[in-house]
Novice: 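Quick one: this structure, given as C-alpha coordinates, is what I'll be asking you about.
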2 protein chains.
Amino acid sequence: MAVGGRSATPEVIWARPERAGRGPRPAYSRADIAAAAVRIADADGLDAVSMRRVAAEIGCGTMSLYNYVPRKEDLYELMVDEVGGEYEFPEHPSGDWRADMLALAHQTRALMHRHPWLPGLMSPVYGFGPHVLRYLEYCLTCLDGLDAAQGTKLELVATVNGMVTTYVGNELATAERARSMPWSPEQENAARAAYLGREIATGKYPRVAQAFAQDSGPVDMDAVFDRMLGRVLDSFT
Amino acid sequence: MAVGGRSATPEVIWARPERAGRGPRPAYSRADIAAAAVRIADADGLDAVSMRRVAAEIGCGTMSLYNYVPRKEDLYELMVDEVGGEYEFPEHPSGDWRADMLALAHQTRALMHRHPWLPGLMSPVYGFGPHVLRYLEYCLTCLDGLDAAQGTKLELVATVNGMVTTYVGNELATAERARSMPWSPEQENAARAAYLGREIATGKYPRVAQAFAQDSGPVDMDAVFDRMLGRVLDSFT
DNA sequence: GCGCACTACGTACGCTGTACGTAACTAGGA
DNA sequence: TCCTAGTTACGTACAGCGTACGTAGTGCGC
(Lines give C-alpha, C1' and ligand atoms only; values in the text may rest on other atoms or scores of the structure.)
Protein backbone atom coordinates (compact mmCIF):
# COMPACT_ATOMS: atom_id res chain seq x y z
CA MET A 1 0.00 0.00 0.00
CA ALA A 2 2.99 2.20 -0.03
CA VAL A 3 4.21 5.24 1.73
CA GLY A 4 3.24 6.88 5.00
CA GLY A 5 -0.14 8.27 5.80
CA ARG A 6 -0.13 11.18 3.42
CA SER A 7 -3.78 11.96 3.40
CA ALA A 8 -5.77 13.35 0.52
CA THR A 9 -7.93 15.39 2.87
CA PRO A 10 -6.81 18.87 3.84
CA GLU A 11 -4.55 18.91 6.82
CA VAL A 12 -3.36 21.69 9.04
CA ILE A 13 0.26 21.05 9.81
CA TRP A 14 -0.19 22.14 13.41
CA ALA A 15 -2.81 19.46 13.89
CA ARG A 16 -0.28 16.73 13.12
CA PRO A 17 1.36 15.32 16.21
CA GLU A 18 5.09 15.82 16.12
CA ARG A 19 5.59 12.27 17.29
CA ALA A 20 3.37 9.53 15.92
CA GLY A 21 2.60 6.51 18.03
CA ARG A 22 4.30 3.87 15.97
CA GLY A 23 7.57 3.65 14.18
CA PRO A 24 11.04 5.02 14.80
CA ARG A 25 11.52 8.17 16.80
CA PRO A 26 11.70 11.18 14.43
CA ALA A 27 15.24 12.43 14.18
CA TYR A 28 14.37 16.11 13.89
CA SER A 29 11.86 18.42 15.48
CA ARG A 30 9.52 20.80 13.72
CA ALA A 31 11.45 23.66 15.31
CA ASP A 32 14.73 22.32 13.88
CA ILE A 33 13.26 22.35 10.41
CA ALA A 34 11.69 25.78 10.79
CA ALA A 35 14.93 27.21 12.14
CA ALA A 36 16.88 25.73 9.23
CA ALA A 37 14.48 27.22 6.70
CA VAL A 38 14.63 30.60 8.41
CA ARG A 39 18.42 30.47 8.43
CA ILE A 40 18.47 29.80 4.68
CA ALA A 41 15.93 32.52 3.89
CA ASP A 42 17.80 35.05 6.01
CA ALA A 43 21.07 34.22 4.33
CA ASP A 44 20.11 33.70 0.70
CA GLY A 45 16.55 34.89 0.27
CA LEU A 46 13.22 33.14 0.16
CA ASP A 47 13.89 31.65 -3.27
CA ALA A 48 16.78 29.71 -1.80
CA VAL A 49 14.40 27.86 0.51
CA SER A 50 13.82 24.61 -1.36
CA MET A 51 12.95 21.23 0.03
CA ARG A 52 16.33 19.95 -1.10
CA ARG A 53 18.21 22.80 0.52
CA VAL A 54 16.34 22.60 3.82
CA ALA A 55 16.81 18.84 3.93
CA ALA A 56 20.52 19.27 3.33
CA GLU A 57 20.69 21.95 6.02
CA ILE A 58 19.22 19.72 8.69
CA GLY A 59 21.17 16.77 7.34
CA CYS A 60 18.63 14.34 5.95
CA GLY A 61 17.59 13.11 2.54
CA THR A 62 15.29 15.30 0.52
CA MET A 63 12.31 13.02 0.65
CA SER A 64 12.62 12.40 4.37
CA LEU A 65 11.62 16.00 4.86
CA TYR A 66 8.19 15.14 3.51
CA ASN A 67 7.60 13.05 6.60
CA TYR A 68 7.65 16.25 8.60
CA VAL A 69 6.33 18.74 6.07
CA PRO A 70 3.74 17.34 3.68
CA ARG A 71 3.81 20.32 1.34
CA LYS A 72 6.19 23.15 0.70
CA GLU A 73 3.51 25.63 1.70
CA ASP A 74 3.47 24.08 5.16
CA LEU A 75 7.15 24.88 5.41
CA TYR A 76 6.21 28.52 4.92
CA GLU A 77 3.70 28.26 7.74
CA LEU A 78 6.40 26.84 9.97
CA MET A 79 8.71 29.71 9.08
CA VAL A 80 6.15 32.40 9.84
CA ASP A 81 5.29 30.88 13.18
CA GLU A 82 8.94 30.30 14.02
CA VAL A 83 9.90 33.97 13.78
CA GLY A 84 6.65 34.81 15.54
CA GLY A 85 8.40 33.36 18.56
CA GLU A 86 10.75 36.34 18.54
CA TYR A 87 8.10 38.68 19.87
CA GLU A 88 8.78 39.80 23.40
CA PHE A 89 5.68 40.54 25.39
CA PRO A 90 5.76 42.41 28.70
CA GLU A 91 4.28 40.65 31.70
CA HIS A 92 1.16 42.79 31.50
CA PRO A 93 -0.12 45.31 28.96
CA SER A 94 0.36 48.91 30.04
CA GLY A 95 -3.33 49.71 30.06
CA ASP A 96 -2.90 52.16 27.18
CA TRP A 97 -3.93 50.01 24.23
CA ARG A 98 -2.86 52.59 21.69
CA ALA A 99 0.68 52.67 23.03
CA ASP A 100 0.77 48.90 23.32
CA MET A 101 -0.35 48.35 19.74
CA LEU A 102 2.18 50.89 18.55
CA ALA A 103 4.93 49.07 20.41
CA LEU A 104 3.78 45.77 18.89
CA ALA A 105 3.84 47.30 15.42
CA HIS A 106 7.39 48.47 16.04
CA GLN A 107 8.30 44.94 17.02
CA THR A 108 6.70 43.64 13.86
CA ARG A 109 8.62 46.10 11.74
CA ALA A 110 11.87 45.17 13.42
CA LEU A 111 11.06 41.50 12.94
CA MET A 112 10.52 42.05 9.24
CA HIS A 113 13.76 43.95 8.93
CA ARG A 114 15.50 41.02 10.57
CA HIS A 115 13.71 38.59 8.22
CA PRO A 116 13.11 40.49 4.99
CA TRP A 117 11.24 37.57 3.41
CA LEU A 118 8.52 37.77 6.03
CA PRO A 119 6.27 40.32 4.33
CA GLY A 120 6.24 38.12 1.26
CA LEU A 121 4.84 35.25 3.31
CA MET A 122 2.23 37.22 5.22
CA SER A 123 -0.33 37.18 2.42
CA PRO A 124 -0.21 33.58 1.22
CA VAL A 125 0.10 32.16 4.73
CA TYR A 126 -2.65 32.64 7.21
CA GLY A 127 -1.95 29.80 9.57
CA PHE A 128 -2.47 29.87 13.30
CA GLY A 129 0.55 28.20 14.77
CA PRO A 130 1.25 28.34 18.51
CA HIS A 131 3.35 31.50 18.36
CA VAL A 132 0.83 33.29 16.20
CA LEU A 133 -1.97 32.33 18.57
CA ARG A 134 0.11 33.55 21.49
CA TYR A 135 0.66 36.82 19.65
CA LEU A 136 -3.02 37.20 18.88
CA GLU A 137 -3.96 36.49 22.47
CA TYR A 138 -1.59 39.18 23.66
CA CYS A 139 -2.99 41.67 21.14
CA LEU A 140 -6.47 41.05 22.43
CA THR A 141 -5.25 41.40 25.99
CA CYS A 142 -3.90 44.84 25.11
CA LEU A 143 -7.28 45.69 23.65
CA ASP A 144 -9.15 44.76 26.82
CA GLY A 145 -9.24 48.46 27.55
CA LEU A 146 -10.82 49.29 24.23
CA ASP A 147 -14.57 49.55 24.36
CA ALA A 148 -15.48 47.78 21.15
CA ALA A 149 -17.02 44.57 19.84
CA GLN A 150 -14.78 41.51 19.56
CA GLY A 151 -15.12 41.66 15.81
CA THR A 152 -13.89 45.23 15.78
CA LYS A 153 -10.85 44.26 17.81
CA LEU A 154 -9.98 41.57 15.31
CA GLU A 155 -10.45 44.13 12.55
CA LEU A 156 -8.06 46.44 14.35
CA VAL A 157 -5.38 43.79 14.65
CA ALA A 158 -5.83 42.78 11.03
CA THR A 159 -5.75 46.38 9.82
CA VAL A 160 -2.63 47.25 11.77
CA ASN A 161 -0.84 44.11 10.66
CA GLY A 162 -1.88 44.64 7.08
CA MET A 163 -0.61 48.17 7.15
CA VAL A 164 2.69 47.21 8.71
CA THR A 165 3.17 44.38 6.23
CA THR A 166 2.42 46.60 3.26
CA TYR A 167 4.62 49.39 4.54
CA VAL A 168 7.64 47.29 5.40
CA GLY A 169 7.13 45.23 2.26
CA ASN A 170 7.50 48.38 0.21
CA GLU A 171 10.43 49.45 2.34
CA LEU A 172 12.23 46.21 1.59
CA ALA A 173 10.98 45.54 -1.92
CA THR A 174 13.88 47.05 -3.82
CA ALA A 175 16.53 45.45 -1.70
CA GLU A 176 14.92 42.00 -1.77
CA ARG A 177 14.21 42.33 -5.48
CA ALA A 178 17.79 43.14 -6.26
CA ARG A 179 19.09 40.21 -4.25
CA SER A 180 19.38 37.85 -7.20
CA MET A 181 19.91 40.55 -9.78
CA PRO A 182 23.32 41.48 -11.11
CA TRP A 183 22.88 45.12 -10.12
CA SER A 184 22.53 47.07 -6.91
CA PRO A 185 19.31 48.49 -5.48
CA GLU A 186 20.72 51.96 -6.14
CA GLN A 187 21.17 51.21 -9.84
CA GLU A 188 17.69 49.76 -9.97
CA ASN A 189 16.21 52.81 -8.31
CA ALA A 190 18.16 55.10 -10.59
CA ALA A 191 16.82 53.33 -13.66
CA ARG A 192 13.24 53.58 -12.44
CA ALA A 193 13.65 57.21 -11.43
CA ALA A 194 15.14 58.04 -14.82
CA TYR A 195 12.21 56.43 -16.62
CA LEU A 196 9.69 58.11 -14.36
CA GLY A 197 11.35 61.47 -14.88
CA ARG A 198 11.21 61.04 -18.65
CA GLU A 199 7.56 60.01 -18.50
CA ILE A 200 6.64 62.91 -16.26
CA ALA A 201 8.45 65.32 -18.56
CA THR A 202 5.92 64.55 -21.29
CA GLY A 203 3.42 66.64 -19.35
CA LYS A 204 0.76 63.94 -19.52
CA TYR A 205 0.69 63.57 -15.76
CA PRO A 206 0.85 67.07 -14.26
CA ARG A 207 -0.26 66.11 -10.76
CA VAL A 208 2.05 63.12 -10.57
CA ALA A 209 4.81 65.45 -11.71
CA GLN A 210 3.97 67.93 -9.00
CA ALA A 211 3.77 65.24 -6.34
CA PHE A 212 7.15 63.77 -7.20
CA ALA A 213 8.82 67.13 -7.77
CA GLN A 214 7.99 68.26 -4.26
CA ASP A 215 9.21 64.96 -2.91
CA SER A 216 12.89 65.85 -2.94
CA GLY A 217 15.24 65.04 -0.12
CA PRO A 218 15.50 61.85 1.92
CA VAL A 219 12.36 60.66 3.64
CA ASP A 220 12.35 59.75 7.31
CA MET A 221 10.83 56.28 7.06
CA ASP A 222 10.42 55.97 10.82
CA ALA A 223 8.44 59.19 11.01
CA VAL A 224 6.22 58.23 8.09
CA PHE A 225 5.62 54.83 9.65
CA ASP A 226 4.57 56.33 12.97
CA ARG A 227 2.36 58.90 11.30
CA MET A 228 0.49 56.38 9.14
CA LEU A 229 0.13 53.97 12.01
CA GLY A 230 -1.08 56.71 14.30
CA ARG A 231 -3.78 57.60 11.81
CA VAL A 232 -4.97 54.01 11.61
CA LEU A 233 -5.05 53.60 15.37
CA ASP A 234 -6.86 56.90 15.86
CA SER A 235 -9.55 55.75 13.47
CA PHE A 236 -10.53 53.10 16.01
CA THR A 237 -10.83 55.49 18.92
CA MET B 1 28.96 38.29 -28.58
CA ALA B 2 25.67 36.99 -29.68
CA VAL B 3 22.07 37.67 -29.02
CA GLY B 4 20.07 40.89 -28.91
CA GLY B 5 20.82 43.84 -26.73
CA ARG B 6 20.08 42.23 -23.45
CA SER B 7 21.79 44.68 -21.21
CA ALA B 8 23.42 43.93 -17.88
CA THR B 9 22.25 47.28 -16.51
CA PRO B 10 18.81 47.49 -14.93
CA GLU B 11 16.07 48.26 -17.38
CA VAL B 12 12.51 49.33 -16.93
CA ILE B 13 10.41 47.46 -19.43
CA TRP B 14 8.34 50.53 -20.16
CA ALA B 15 11.45 52.41 -21.20
CA ARG B 16 12.07 49.94 -24.02
CA PRO B 17 10.63 51.07 -27.33
CA GLU B 18 8.11 48.57 -28.63
CA ARG B 19 9.66 48.80 -32.04
CA ALA B 20 13.43 48.99 -32.35
CA GLY B 21 14.97 50.82 -35.28
CA ARG B 22 16.65 47.92 -37.02
CA GLY B 23 15.63 44.40 -37.73
CA PRO B 24 12.40 42.70 -38.65
CA ARG B 25 9.11 44.16 -37.54
CA PRO B 26 8.02 42.57 -34.24
CA ALA B 27 5.18 40.15 -34.78
CA TYR B 28 3.38 40.84 -31.51
CA SER B 29 2.63 43.86 -29.41
CA ARG B 30 3.27 44.27 -25.71
CA ALA B 31 -0.51 44.43 -25.22
CA ASP B 32 -0.95 41.08 -27.02
CA ILE B 33 1.51 39.47 -24.64
CA ALA B 34 0.02 41.06 -21.54
CA ALA B 35 -3.48 40.04 -22.59
CA ALA B 36 -2.36 36.47 -23.18
CA ALA B 37 -0.73 36.27 -19.77
CA VAL B 38 -3.83 37.73 -18.12
CA ARG B 39 -6.02 35.23 -19.95
CA ILE B 40 -3.92 32.35 -18.67
CA ALA B 41 -3.81 33.64 -15.10
CA ASP B 42 -7.57 34.21 -15.07
CA ALA B 43 -8.22 30.72 -16.38
CA ASP B 44 -5.63 28.61 -14.58
CA GLY B 45 -4.09 30.73 -11.85
CA LEU B 46 -0.89 32.70 -11.59
CA ASP B 47 1.25 29.58 -11.36
CA ALA B 48 0.11 28.60 -14.84
CA VAL B 49 1.72 31.73 -16.25
CA SER B 50 5.04 30.44 -17.52
CA MET B 51 7.15 31.79 -20.33
CA ARG B 52 6.47 28.61 -22.31
CA ARG B 53 2.73 28.83 -21.81
CA VAL B 54 2.49 32.51 -22.69
CA ALA B 55 4.63 31.99 -25.77
CA ALA B 56 2.39 29.13 -26.85
CA GLU B 57 -0.70 31.24 -26.21
CA ILE B 58 0.43 34.03 -28.51
CA GLY B 59 1.84 31.49 -30.95
CA CYS B 60 5.58 31.93 -30.93
CA GLY B 61 8.59 29.97 -29.75
CA THR B 62 9.43 30.12 -26.07
CA MET B 63 12.64 32.01 -26.48
CA SER B 64 11.18 34.53 -28.88
CA LEU B 65 9.20 35.86 -25.97
CA TYR B 66 12.44 37.02 -24.39
CA ASN B 67 12.76 39.57 -27.18
CA TYR B 68 9.71 41.29 -25.76
CA VAL B 69 10.01 40.47 -22.09
CA PRO B 70 13.57 40.27 -20.83
CA ARG B 71 12.65 38.73 -17.48
CA LYS B 72 9.66 36.93 -16.14
CA GLU B 73 9.18 39.64 -13.56
CA ASP B 74 8.63 42.12 -16.37
CA LEU B 75 5.79 39.95 -17.56
CA TYR B 76 4.17 40.48 -14.17
CA GLU B 77 4.55 44.23 -14.58
CA LEU B 78 2.86 44.02 -17.94
CA MET B 79 -0.02 42.06 -16.41
CA VAL B 80 -0.60 44.53 -13.59
CA ASP B 81 -0.59 47.46 -15.95
CA GLU B 82 -2.79 45.64 -18.45
CA VAL B 83 -5.66 45.12 -16.02
CA GLY B 84 -5.07 48.65 -14.76
CA GLY B 85 -6.55 49.64 -18.10
CA GLU B 86 -9.91 48.30 -16.92
CA TYR B 87 -10.46 51.24 -14.60
CA GLU B 88 -13.22 53.51 -15.78
CA PHE B 89 -12.78 57.10 -14.75
CA PRO B 90 -15.57 59.66 -14.97
CA GLU B 91 -14.89 62.74 -17.06
CA HIS B 92 -14.36 64.83 -13.93
CA PRO B 93 -14.07 63.98 -10.23
CA SER B 94 -17.21 64.75 -8.28
CA GLY B 95 -15.55 67.26 -6.01
CA ASP B 96 -16.09 65.00 -2.99
CA TRP B 97 -12.71 63.33 -2.71
CA ARG B 98 -13.89 60.92 -0.03
CA ALA B 99 -16.67 59.58 -2.23
CA ASP B 100 -14.37 59.44 -5.24
CA MET B 101 -11.71 57.47 -3.42
CA LEU B 102 -14.36 55.12 -2.10
CA ALA B 103 -15.65 54.52 -5.60
CA LEU B 104 -12.10 53.89 -6.82
CA ALA B 105 -11.55 51.39 -4.03
CA HIS B 106 -14.73 49.60 -5.09
CA GLN B 107 -13.42 49.44 -8.62
CA THR B 108 -10.14 48.05 -7.34
CA ARG B 109 -11.94 45.40 -5.35
CA ALA B 110 -14.05 44.42 -8.35
CA LEU B 111 -10.93 44.33 -10.50
CA MET B 112 -9.28 41.95 -8.05
CA HIS B 113 -12.32 39.73 -7.97
CA ARG B 114 -12.17 39.57 -11.75
CA HIS B 115 -8.44 38.83 -11.61
CA PRO B 116 -7.84 36.95 -8.37
CA TRP B 117 -4.10 36.76 -8.95
CA LEU B 118 -3.78 40.54 -8.81
CA PRO B 119 -3.33 40.95 -5.04
CA GLY B 120 -0.46 38.50 -5.23
CA LEU B 121 1.32 40.72 -7.71
CA MET B 122 0.72 44.02 -5.97
CA SER B 123 3.54 43.63 -3.47
CA PRO B 124 6.38 42.40 -5.65
CA VAL B 125 5.50 44.66 -8.55
CA TYR B 126 5.73 48.38 -8.14
CA GLY B 127 6.10 49.47 -11.73
CA PHE B 128 4.67 52.59 -13.24
CA GLY B 129 3.27 51.58 -16.59
CA PRO B 130 1.04 53.91 -18.59
CA HIS B 131 -2.22 52.66 -17.09
CA VAL B 132 -0.90 52.85 -13.56
CA LEU B 133 0.33 56.39 -14.16
CA ARG B 134 -3.05 57.29 -15.56
CA TYR B 135 -4.70 55.82 -12.48
CA LEU B 136 -2.39 57.70 -10.16
CA GLU B 137 -3.01 60.96 -12.01
CA TYR B 138 -6.74 60.49 -11.62
CA CYS B 139 -6.38 59.73 -7.90
CA LEU B 140 -4.47 62.93 -7.40
CA THR B 141 -7.08 64.82 -9.40
CA CYS B 142 -9.74 63.55 -7.01
CA LEU B 143 -7.59 64.75 -4.14
CA ASP B 144 -7.31 68.28 -5.52
CA GLY B 145 -10.02 69.18 -3.06
CA LEU B 146 -8.10 67.81 -0.10
CA ASP B 147 -6.07 70.38 1.74
CA ALA B 148 -2.91 68.43 2.38
CA ALA B 149 0.70 68.23 1.30
CA GLN B 150 1.52 66.29 -1.88
CA GLY B 151 3.32 63.72 0.18
CA THR B 152 0.26 63.18 2.32
CA LYS B 153 -1.85 62.62 -0.77
CA LEU B 154 0.53 59.96 -1.98
CA GLU B 155 0.39 58.42 1.47
CA LEU B 156 -3.38 58.37 1.27
CA VAL B 157 -3.38 56.62 -2.09
CA ALA B 158 -0.79 54.12 -0.90
CA THR B 159 -2.64 53.45 2.33
CA VAL B 160 -5.98 52.92 0.63
CA ASN B 161 -4.48 50.66 -2.01
CA GLY B 162 -2.57 48.71 0.59
CA MET B 163 -5.69 48.20 2.63
CA VAL B 164 -7.74 47.11 -0.35
CA THR B 165 -5.02 44.73 -1.50
CA THR B 166 -4.69 43.18 1.93
CA TYR B 167 -8.42 42.89 2.41
CA VAL B 168 -9.23 41.39 -0.97
CA GLY B 169 -6.14 39.23 -0.77
CA ASN B 170 -7.49 37.68 2.40
CA GLU B 171 -10.92 37.42 0.86
CA LEU B 172 -9.53 35.43 -2.05
CA ALA B 173 -6.73 33.59 -0.29
CA THR B 174 -8.58 30.38 0.42
CA ALA B 175 -10.09 30.11 -3.02
CA GLU B 176 -6.81 30.82 -4.82
CA ARG B 177 -4.93 28.52 -2.46
CA ALA B 178 -7.30 25.65 -3.12
CA ARG B 179 -7.05 26.08 -6.88
CA SER B 180 -4.29 23.52 -7.32
CA MET B 181 -5.22 21.44 -4.32
CA PRO B 182 -7.24 18.26 -4.53
CA TRP B 183 -9.85 19.60 -2.10
CA SER B 184 -12.38 22.38 -2.05
CA PRO B 185 -12.06 25.70 -0.21
CA GLU B 186 -14.90 24.55 2.05
CA GLN B 187 -13.01 21.43 3.09
CA GLU B 188 -9.90 23.50 3.65
CA ASN B 189 -11.78 25.98 5.81
CA ALA B 190 -13.43 23.18 7.72
CA ALA B 191 -10.05 21.62 8.50
CA ARG B 192 -8.64 24.91 9.71
CA ALA B 193 -11.73 25.68 11.77
CA ALA B 194 -11.63 22.24 13.34
CA TYR B 195 -8.00 22.68 14.32
CA LEU B 196 -8.62 26.18 15.65
CA GLY B 197 -11.58 24.96 17.66
CA ARG B 198 -9.51 22.18 19.20
CA GLU B 199 -6.72 24.59 20.04
CA ILE B 200 -9.09 27.12 21.57
CA ALA B 201 -10.71 24.40 23.67
CA THR B 202 -7.45 23.95 25.53
CA GLY B 203 -8.19 27.23 27.33
CA LYS B 204 -4.75 28.62 26.61
CA TYR B 205 -6.18 31.46 24.56
CA PRO B 206 -9.25 32.75 26.38
CA ARG B 207 -9.57 36.02 24.49
CA VAL B 208 -9.07 34.41 21.10
CA ALA B 209 -11.72 31.94 22.12
CA GLN B 210 -14.10 34.71 23.07
CA ALA B 211 -13.43 36.62 19.85
CA PHE B 212 -14.10 33.63 17.65
CA ALA B 213 -17.04 32.38 19.67
CA GLN B 214 -18.90 35.63 19.20
CA ASP B 215 -18.04 35.59 15.54
CA SER B 216 -20.78 33.19 14.53
CA GLY B 217 -22.95 33.66 11.51
CA PRO B 218 -21.97 34.77 8.02
CA VAL B 219 -20.07 38.04 7.74
CA ASP B 220 -21.13 40.71 5.27
CA MET B 221 -17.84 41.25 3.51
CA ASP B 222 -19.09 44.31 1.65
CA ALA B 223 -20.09 46.02 4.88
CA VAL B 224 -16.80 45.20 6.58
CA PHE B 225 -14.92 46.50 3.56
CA ASP B 226 -16.79 49.79 3.56
CA ARG B 227 -16.40 50.21 7.29
CA MET B 228 -12.64 49.62 7.29
CA LEU B 229 -12.14 51.81 4.27
CA GLY B 230 -14.26 54.55 5.78
CA ARG B 231 -12.10 54.52 8.87
CA VAL B 232 -8.93 54.86 6.83
CA LEU B 233 -10.34 57.71 4.76
CA ASP B 234 -11.63 59.53 7.81
CA SER B 235 -8.19 59.41 9.33
CA PHE B 236 -7.01 61.73 6.55
CA THR B 237 -9.73 64.32 7.12
C1' DG C 1 6.43 -11.64 19.63
C1' DC C 2 3.89 -10.49 15.73
C1' DG C 3 2.29 -7.09 12.56
C1' DC C 4 1.80 -2.70 11.05
C1' DA C 5 2.44 2.12 11.02
C1' DC C 6 5.97 4.85 10.74
C1' DT C 7 10.77 6.76 9.33
C1' DA C 8 14.31 7.12 5.86
C1' DC C 9 15.84 7.83 1.29
C1' DG C 10 16.98 7.04 -3.81
C1' DT C 11 15.13 7.39 -8.31
C1' DA C 12 12.46 9.52 -11.66
C1' DC C 13 9.08 12.67 -14.02
C1' DG C 14 7.49 16.78 -15.65
C1' DC C 15 8.01 21.27 -15.08
C1' DT C 16 10.44 25.82 -14.54
C1' DG C 17 13.51 30.16 -16.02
C1' DT C 18 16.80 31.25 -19.15
C1' DA C 19 21.93 31.16 -21.33
C1' DC C 20 23.53 30.56 -25.72
C1' DG C 21 24.10 29.63 -30.72
C1' DT C 22 22.30 30.12 -35.33
C1' DA C 23 19.62 31.73 -39.16
C1' DA C 24 16.66 35.15 -41.36
C1' DC C 25 15.58 39.85 -41.90
C1' DT C 26 15.62 45.03 -42.28
C1' DA C 27 16.83 49.88 -41.59
C1' DG C 28 20.63 53.34 -41.50
C1' DG C 29 25.05 55.02 -43.22
C1' DA C 30 28.39 54.93 -47.11
C1' DT D 1 22.49 51.23 -54.00
C1' DC D 2 24.71 47.99 -51.29
C1' DC D 3 26.70 46.68 -46.87
C1' DT D 4 26.47 45.71 -42.36
C1' DA D 5 25.14 46.00 -37.75
C1' DG D 6 21.40 45.26 -34.80
C1' DT D 7 17.10 42.83 -34.26
C1' DT D 8 13.78 39.02 -34.46
C1' DA D 9 12.93 34.14 -34.27
C1' DC D 10 13.64 29.79 -32.32
C1' DG D 11 15.79 25.17 -31.02
C1' DT D 12 18.75 23.05 -27.76
C1' DA D 13 20.45 22.49 -23.32
C1' DC D 14 21.22 22.98 -18.32
C1' DA D 15 20.46 23.39 -13.62
C1' DG D 16 17.08 23.44 -10.47
C1' DC D 17 12.41 22.78 -8.68
C1' DG D 18 8.22 20.07 -6.17
C1' DT D 19 6.97 15.70 -5.35
C1' DA D 20 4.93 10.68 -6.70
C1' DC D 21 6.39 6.31 -5.80
C1' DG D 22 8.89 2.13 -4.34
C1' DT D 23 11.75 -0.10 -1.03
C1' DA D 24 14.13 -0.92 3.35
C1' DG D 25 14.47 -0.84 8.09
C1' DT D 26 12.63 0.37 12.85
C1' DG D 27 10.02 0.12 17.11
C1' DC D 28 5.25 0.68 19.43
C1' DG D 29 0.66 -1.32 20.41
C1' DC D 30 -1.78 -5.40 20.63
Novice: Please determine whether the number of non-hydrogen atoms from other residues, nucleotides or ligands lying under 6.0 Å from atom CZ of B/Arg25 exceeds 12.
Specialist: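 No, the 6.0 Å shell around CZ holds no more than 12 heavy atoms from other groups.
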Novice: Measure from the side-chain heavy atoms of B/Pro26 and tell me the nearest of D/dT8, C/dC9, C/dC6.
Specialist: D/dT8
Novice: With sequence neighbours left out, which residue pairs that include part of residues 37-48 of chain B fulfil the side-chain hydrogen bond (donor to acceptor under 3.5 Å, both in side chains) condition?
Specialist: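 For residues 37-48 of chain B, and leaving out neighbouring residues, the side-chain hydrogen bond (donor to acceptor under 3.5 Å, both in side chains) pairs sorted by first residue read B/Arg39-B/Glu57, B/Asp42-B/His115, B/Asp42-B/Trp117, B/Asp44-B/Arg53.
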Novice: Give the nucleotide from the list D/dA9, C/dA8, C/dT18 with an atom nearest to the side chain of A/Asn67.
Specialist: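 Closest nucleotide among those given: C/dA8.
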Novice: What is the distance from CD1 of A/Ile40 to C1' of D/dC17, rounded to the nearest Å?
Specialist: 14 Å
Novice: C/dC6 C1' sits how many Å from A/Arg16 CZ, rounded?
Specialist: 11 Å
Novice: Roughly how many Å is it from CG in A/Leu46 to C1' in D/dC17, rounded to a whole number?
Specialist: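 Checked: the CG to C1' distance equals 14 Å.
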Novice: Which pair of heavy atoms, one from A/Gln107 and one from A/Glu86, lies closest together, and at what distance?
Specialist: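 Nearest pair, atom of A/Gln107 first, then A/Glu86: OE1-O, 4.3 Å.
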Novice: Check whether any side-chain nitrogen or oxygen of B/Tyr68 sits under 4.0 Å from OP1 or OP2 of D/dA9, and answer yes or no.
Specialist: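 Checking D/dA9 against B/Tyr68, a side-chain N or O does come within under 4.0 Å of OP1 or OP2.
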Novice: Output one line per pair: protein atom, nucleotide atom from nucleotides 10-16 of chain C, and distance, for all N/O pairs under 3.5 Å.
Specialist:
residue	atom	partner	partner atom	Å
C/dT16	OP1	B/Ser50	OG	2.9

Novice: Tell me whether A/Asp74 is salt-bridged to A/Arg30, with the criterion being a basic N under 4.0 Å from an acidic carboxylate O.
Specialist: no
Novice: Give me, pair by pair, the N or O atoms of the protein and of nucleotides 27-29 of chain C that are less than 3.5 Å apart, along with how far apart they are.
Specialist:
residue	atom	partner	partner atom	Å
C/dA27	OP1	B/Arg19	NH2	3.2
C/dG28	O4'	B/Arg22	NE	3.4

Novice: Salt bridge check: are B/Arg16 and B/Glu77 linked by an N-O gap of less than 4.0 Å?
Specialist: no
Novice: Holding to ring pair (Phe, Tyr, Trp, His ring centres under 6.0 Å), I want the full list of residues that pass it with A/Tyr167, two or more places apart in sequence or in another chain.
Specialist: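 Partners of A/Tyr167 by the ring pair (Phe, Tyr, Trp, His ring centres under 6.0 Å) criterion, ordered by chain and then number, come out as A/Phe225.
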Novice: Cut-off 3.5 Å, no hydrogens considered: what does the side-chain donor-acceptor table look like for residues 118-134 of chain B, sequence neighbours left out?
Specialist:
residue	atom	partner	partner atom	Å
B/His131	ND1	B/Asp81	O	2.9
B/His131	ND1	B/Asp81	OD2	3.3

Novice: Rounding to an integer number of Å, can you tell me how far A/Leu65 CG sits from D/dC17 C1'?
Specialist: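 Going from A/Leu65 (CG) to D/dC17 (C1'), I get 14 Å.
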Novice: Testing the 3.5 Å rule here: is there a donor-acceptor pair between the side chains of B/Asp32 and B/Ser29?
Specialist: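 Yes.
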Novice: According to ring pair (Phe, Tyr, Trp, His ring centres under 6.0 Å), who are the partners of A/Tyr87, at least two apart in sequence or on a separate chain?
Specialist: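 Counting only residues at least two positions away or on another chain, A/Tyr87 forms a ring pair (Phe, Tyr, Trp, His ring centres under 6.0 Å) with A/Phe89, A/Tyr135.
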Novice: Taking atom C1' of D/dT8 as reference, at what distance in whole Å does atom OH of B/Tyr28 sit?
Specialist: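 Distance check: B/Tyr28 OH to D/dT8 C1' gives 11 Å.
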Novice: Whole Å only: how far is the OH atom of B/Tyr66 from the C1' atom of C/dG21?
Specialist: 16 Å
